[in-house]
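Take a look at the structure set out below.
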Amino acid sequence: MSRGLSNNNPGNIRRAKVRYRGEVRPSRDPAFKQFETLAWGYRAIFVLLDTYRRRYGLDTLRGMISRWAPPSENHTDNYIRAVASDTGIDPDEALDTRDARTMIPVAAAISRVENGVAADFREVTKGWELFVS
């Protein structure tokens, strides 16, 4: 099992001062956050992407993924292409981070890229429900 999935952190969100609901504190992983369940980990993906749009004006896959997976740590262009291919969303199309039909596939695609296996859409959907509640 991948590190992200064993941490219930399908987006491989790094440890930082920002705290999320459902986060295990302190994380037993020296570099990445841990969550109580996968659903809480998916919720964190939705929260972070929504923050990128609201706080930083990043409203496209290209903008969001470039911040999520910067070139200093990733093959960002390949990551963007993979998420765009999985979702059918143009990398430069403006996204509504409050639209489930858009964001559930985006979170699932991020999880697939991060963990190498297809996301469980039931867990992604549970994460969405936690996000919007």
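What you see below is based on every heavy atom in this structure, not just the backbone, and it leaves out hydrogens, waters and symmetry mates. Just so it is clear, the structure is predicted and the values come from calculations on it, not from any experiment.
For the pair V24/F35, no side-chain contact is recorded, criterion being any heavy-atom separation below 4.5 Å from C-beta on. Within the 4.5 Å cutoff, the side chain of I45 has no heavy atoms near those of the V124 side chain. In this structure the side chain of R19 reaches within 4.5 angstrom of the side chain of R25, judged on heavy atoms. Taking the side chain as every heavy atom from C-beta outward, T125 and R122 never approach each other to under 4.5 Å. H75 is not listed as a side-chain neighbour of R81, based on a closest heavy-atom distance of 4.5 Å or more. Side-chain contact between F131 and D50 is present, with at least one heavy-atom pair separated by less than 4.5 Å. Within the 4.5 Å cutoff, the side chain of I104 has heavy atoms near those of the F121 side chain. In this structure, D29 and R3 have side chains that are in contact, with non-hydrogen atoms separated by less than 4.5 Å.
The cluster map of Ile, Leu, Val, Met, Phe, Trp and Tyr, joined by side-chain heavy atoms under 4.5 Å apart, puts F32 and V47 in different clusters.
Of all heavy-atom pairs spanning P91 and T60, the tightest one is O-CB, 3.3 Å. Heavy-atom minimum distance, R21 versus S133: NH1-O, 4.4 Å. The shortest heavy-atom contact between I13 and W68 is CG1-CH2, 4.0 Å. Heavy atoms only, all atoms of each residue included: E73 and R14 are closest at OE1-NE, 3.6 Å. Across every non-hydrogen atom of I110 and G11, the tightest pair is CG2-CA, 4.3 Å.
Between atom CG of residue N78 and atom CD1 of residue I65 there is a gap of 12.5 Å, rounded to the nearest 0.5 Å. In this structure, CD1 in I80 is found 12.0 Å from CE in M64, a value given to the nearest 0.5 Å. The CD atom of E93 lies 12.5 Å from the CZ atom of R62; values are rounded to the nearest 0.5 Å. Between the CG atom in L48 and the CZ atom in R53 there is a gap of 13.0 Å [rounded to 0.5 Å]. Expressed to the nearest 0.5 Å, how far CG of D96 lies from CZ of R101 amounts to 9.5 Å. Taking CZ from R28 and OG from S6, the interatomic distance works out to 9.5 Å, rounded to the nearest 0.5 Å.
Proximity of a side-chain donor or acceptor of N115 to a complementary backbone N or O of P10 within less than 3.5 Å is detected. Side-chain N or O atoms of N8 include one that pairs as donor or acceptor with a backbone N or O of E36 at under 3.5 Å. Side chain of N74 to main chain of T76: no donor-acceptor pair is present (N/O by atom type, distance under 3.5 Å, no hydrogens or angles). S111 contributes no side-chain N or O that, together with a main-chain N or O of A119, makes up a donor-acceptor pair within less than 3.5 Å. Without hydrogens or angle criteria, D90 side chain to D92 main chain gives a donor-acceptor distance under 3.5 Å.
When ring centroids are compared, F46 and W128 come within the 6.0 Å threshold.
Looking at D59, I89, L49 one by one, the single match for side chain to side chain contact (heavy atoms under 4.5 Å, CB included) with L95 turns out to be I89.
Between K126 and E123 a salt bridge is recorded (basic side-chain N to carboxylate O distance below 4.0 Å).
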Kindly indicate, with the supporting measurements, whether the criterion side-chain contact (heavy atoms from CB on, under 4.5 Å) is fulfilled by L61 and T87. CA-CA 10 Å; L61 285 180; T87 62; 4.1 Å; yes
For Y79 and E114, run side-chain hydrogen bond (donor to acceptor under 3.5 Å, both in side chains): C-alpha distance rounded to whole Å, both residues' side-chain angles, the deciding distance at 0.1 Å, then the answer. CA-CA 9 Å; Y79 201 130; E114 292 287 341; 2.7 Å; yes
Using the rule given for side-chain contact (heavy atoms from CB on, under 4.5 Å), can you reason through E23 versus W40, listing the C-alpha separation, both sets of side-chain angles and the distance that settles it, and then say yes or no? CA-CA 7 Å; E23 184 178 338; W40 285 115; over 6 Å; no
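A cation-pi geometry, defined here as NZ or CZ lying under 6.0 Å from the six-membered ring centre and within 45° of its normal, holds between R67 and Y56.
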